[in-house]
Amino acid sequence: MSERQKIINIAVIAHVDAGKSTLVDAFLSQSHVFRENEEIVDCVMDSDEIERERGITIYSKNCSIMHNGVKINIVDTPGHADFSSEVERIMKTVDTVILLVDSSEGPMPQTRFVLSKSLEQGLNPILFINKIDKKDARIDEVVDEVYELFMDLDANDEQLDFPILYGIARQGIAVKDPSEVYGIAVGEGTEILKHTPEGLGGLNINPLLDTIIEHCTPYPDLRDEPTQMQVASLAYDDYIGRLGIGRLTKGTLKEGQTVAVAKEGGVIEQAKIGQVFVYRGLQRMPVKEAQCGDIVVVSGIPNISIGETICDPEKPEPLEMIHIEEPTLSMNFMVNTSPFAGKVGKFVTSRHIRDRLMKELEVNVGLRVEETETTDCFKVSGRGELHLSILIENMRREGYELAVSKPEVIMKRNEEGKLLEPVEEVIISCPDEYSGSVISKLNIRKGLMLEMSSANGYTHLSYHVPTRGLLGYRSEFINDTHGEGTLETRFFEFEEFKGDIPGRQNGVAIAIEEGTCTPYAIFNIQERVQMFVEPGTKVYEGMIVGMNSRGDDMEVNPCKAKKVSNMRAAGSDDTIKLTPPRVFSLEEALEFIADDELVEVTPTDIRLRKKLLHELDRRRLRNQMSRK
């Protein structure tokens, strides 16, 4: 039998913005994956358009490099809690994880989550303290905090004996002693501005790669065993259809091989493999045969799903199905019924929306879609606001039009029949002068303070807050802290229902007729209303055009024109000064709306509207509610 290639699989895990994708850039650059004349972009693994715009990783992705004769498969994972179902699955496909921690922030809530998943799988992590060139770096304290986190998560002795490396991922530097970097990173000043992941001043990423090879035993040679591969993620190719991705744990997989697919409930089906791919650099390369230990992509099984095991038909050995955590938020996706419906979107019917949601279910396992009593509305549940808003944003860019309701928290009942609701762990850092306002708002939202400390002019708060209480709070928090605070959340657990939480305090201004907004009308309205529209915006009856300064809703006419007469004061029209309108992103719009409102999403616009567009209908509903 031919000599088998040595293979180690690693995942890079961390909180949002700790530098995961930047570290993967350094691995790829220093392993000569790119051609010399190839144009290289930052965070090359974040290939999705929305990932690039927002600077976050949403989907876990694979690549591979060679180092000292060993093939290292690298998985870049999302850091945001809403995409944690991606992280849970890939832990089964790797031999170790590189835990990335920022040298000044230290471990954050999501760090705890991704680390706990890797420790549960019995992996022995490698710690990489990143961004050690920061002015406020506190390297020794952060290492102590990581040790405390490992002990909190009941790590065993072997896991606690983790190797520690320090570095600057954007420069492609890893060292075993932080002092090796100071002469380059701090002393020279100008050199550090060259943000290239190719190394600097004779230092490079090799110490980290060497540590991976020393720390991990390459995957054992199990080529003689019966084939066994569990599908950990899915992809789709327009030409060859659905693709299953996972680690080949035993045996080999060949093009055209007949296999058994073990599904949930003990069902076993026969199937035939189409093509087999492995990763070389960033490319998915077709091969005749894949060997155990490698991360493999297979085509030809149209109904393959996550958690299913591809086995030998003679000796099927299914692996335990992958458990995915339950969704915590739901919202209704509806057909757009506004007067402007169908003017810009290509896909506007309930059939279009249903087909798109079913397609999303094939690859997005953290999502759940349920039919409702009406055919033009679907209840969609996910892991958080960002998880659902990314789906809506993708649909919008693909040409879909739809209306979505306010996100609602998914409640549970325990064995005694008590109502339970999801609670989030919240970590906040804000300037001392704004901490009073933050504490006051979180207390109103039924938050429970766990810890409070102050250092260098900043207050650090740790809270448990019901998920309901955090809906709509993020934009308030940004205003209260003047944009200087940071707020990180992570699902904690289900706790007993905390009681009523006050919603939005302000009413809204609602347009009373269809037309085009005029400067004259907006000027007269803006004294009492924060406007969401500007002159020239087309509006319709029932559309929300601003936020009232008081608690009740107000009907306004933003299309009212100035009466024309033959008398005119010179230059009087030029003196109208309008306050710039508030423009909503999709997430901000979802946070802002109340229960009787919707967000209308089209490829070109995001509008806010009342569910009932006519004022008479809204008044009738209010009267009915008051009688009950």
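These numbers come from the heavy atoms of this one structure, side chains and all, not from hydrogens, waters or symmetry mates.
One finds a salt bridge joining Asp553 and Lys610 here, because a Lys/Arg side-chain nitrogen approaches an Asp/Glu carboxylate oxygen to under 4.0 Å. With respect to Glu597 and Lys406, no salt bridge is recorded, no charged nitrogen being found less than 4.0 Å from a carboxylate O.
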Report the C-alpha distance between Ile164 and Tyr147 in whole Å, list the side-chain angles of each, state the deciding distance to 0.1 Å, and finish with yes or no for side-chain contact (heavy atoms from CB on, under 4.5 Å). CA-CA 11 Å; Ile164 306 172; Tyr147 271 114; 4.0 Å; yes
Determine, stepwise, if the pair Phe532 / Phe592 fulfils ring-ring contact (aromatic ring centres under 6.0 Å, His included). CA-CA 12 Å; Phe532 301 160; Phe592 179 81; 5.4 Å; yes
After noting the C-alpha distance and the side-chain angles of Phe150 and Phe162, does the key distance pass the ring-ring contact (aromatic ring centres under 6.0 Å, His included) rule? CA-CA 10 Å; Phe150 269 74; Phe162 51 83; 4.5 Å; yes
Evaluation steps, side-chain contact (heavy atoms from CB on, under 4.5 Å), between Phe584 and Val599: CA-CA 11 Å; Phe584 285 93; Val599 179; over 6 Å; no
Ser549 and Asn506: side chain to side chain donor-acceptor pair (under 3.5 Å), yes or no, with the steps? CA-CA 6 Å; Ser549 55; Asn506 297 70; over 6 Å; no
Test side-chain contact (heavy atoms from CB on, under 4.5 Å) applied to Ile132 and Ile139, step by step: CA-CA 7 Å; Ile132 60 171; Ile139 296 168; 3.8 Å; yes
Test Leu420 against Glu496 for side-chain contact (heavy atoms from CB on, under 4.5 Å), laying out the working first. CA-CA 4 Å; Leu420 305 179; Glu496 278 192 36; 4.1 Å; yes
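A 6.0 Å sphere centred on CZ of Arg550 holds no more than 12 heavy atoms belonging to other residues, nucleotides or ligands. Other residues, nucleotides and ligands place more than 12 heavy atoms under 6.0 Å from the CG atom of Asp177. Shown here is Glu527, whose CD atom has no more than 12 heavy atoms of other residues, nucleotides or ligands within 6.0 Å. Heavy atoms from other residues, nucleotides or ligands lying under 6.0 Å from CG of Asn414 number more than 12.
Tested against Ser338, the residues Arg607, Glu600, Arg609 include a single side-chain hydrogen bond (donor to acceptor under 3.5 Å, both in side chains) partner, Glu600. The side-chain contact (heavy atoms from CB on, under 4.5 Å) with Leu23 is formed by just one residue from the set Ile205, Ile168, Asn130, Ile74; it is Ile205.
Between Ser454 and Asp432, the shortest heavy-atom distance links the atoms OG-OD1, 3.1 Å. Of all heavy-atom pairs between Arg445 and Val465, the closest is O-CG1, 3.9 Å. Summarising the geometry of Phe128 relative to Leu208, their closest heavy-atom pair is CD1-CD2, 4.1 Å, with the distance given to 0.1 Å. Nearest heavy atoms, Glu421 versus Lys498: OE2-N, 2.8 Å. Between Ser585 and Ile606, the closest heavy-atom pair is C-CD1, 4.4 Å. Contact between Ser118 and Ile13 at its shortest, heavy atoms only, is OG-CD1, 4.1 Å.
Annotation: side chain of Ile522 is not in contact with side chain of Lys560 (no heavy-atom distance under 4.5 Å). Residues Val97 and Ile10 form no side-chain contact, since every pair of their non-hydrogen atoms from C-beta on lies 4.5 Å or further apart. Contact check for Glu425 versus Ile427: side-chain heavy atoms found under the 4.5 Å cut-off. Taking the side chain as every heavy atom from C-beta outward, Leu471 and Leu590 never approach each other to under 4.5 Å. Counting heavy atoms from C-beta on, the side chains of Leu612 and Asp596 never come closer than 4.5 Å. With contacts defined as side-chain heavy-atom distances shorter than 4.5 Å, the pair Ile428/His460 does not qualify. No side-chain heavy atom of Val404 sits less than 4.5 Å from a side-chain heavy atom of Asn332. Val175 is not listed as a side-chain neighbour of Leu165, based on a closest heavy-atom distance of 4.5 Å or more.
Shown here are the side chain to side chain donor-acceptor pair (under 3.5 Å) partners of Glu484, two or more places apart in sequence or in another chain: there are none. The salt bridge (charged side-chain N to carboxylate O under 4.0 Å, His left out) test applied to Arg413 returns no partner, not counting sequence neighbours. Listed by chain and number, the residues in a ring-ring contact (aromatic ring centres under 6.0 Å, His included) with His482 are Tyr434 (sequence neighbours excluded).
A distance-only check finds no donor-acceptor pair linking the side chain of Asp605 to the backbone of Val601 [under 3.5 Å]. No side-chain donor-acceptor contact under 3.5 Å links Asp552 to the backbone of Gly507. Panel note: side chain Thr211, backbone Pro207; a donor-acceptor pair is recorded below 3.5 Å. A distance-only check finds no donor-acceptor pair linking the side chain of Glu451 to the backbone of Leu461 [under 3.5 Å]. Looking at Asn548, its side chain never comes within 3.5 Å of a backbone N or O of Val529 through a donor-acceptor pair. Using a distance-only test at 3.5 Å, with no hydrogens or angles considered, a donor-acceptor pair links the side chain of Thr481 to the main chain of Phe477. Glu393 contributes no side-chain N or O that, together with a main-chain N or O of Leu586, makes up a donor-acceptor pair within less than 3.5 Å. Put simply, the side chain of Arg618 gets close to the backbone of Leu613: a donor and an acceptor are under 3.5 Å apart.
The distance from atom CE of Met531 to atom OG1 of Thr579, rounded to the nearest 0.5 Å, is 10.0 Å. The distance from atom NZ of Lys131 to atom OG1 of Thr22, rounded to the nearest 0.5 Å, is 7.0 Å. Residue Met334 holds its CE atom at 6.0 Å from NZ of Lys611, rounded to the nearest 0.5 Å. For the atom pair CD1 of Ile478 and OH of Tyr473, the computed distance is 10.5 Å after rounding to the nearest 0.5 Å. Asp133 contributes atom CG, which lies 7.5 Å from atom OG of Ser103 (distance to the nearest 0.5 angstrom). If you take OG on Ser116 and CG on Asp152, they are separated by 11.5 Å, rounding to the nearest 0.5 Å.
Residues Asn443 and Tyr463 have side chains that bring a donor and an acceptor to within less than 3.5 angstrom of each other. Neither side chain, Ser330 nor Glu408, offers a donor N or O lying under 3.5 Å from an acceptor on the other.
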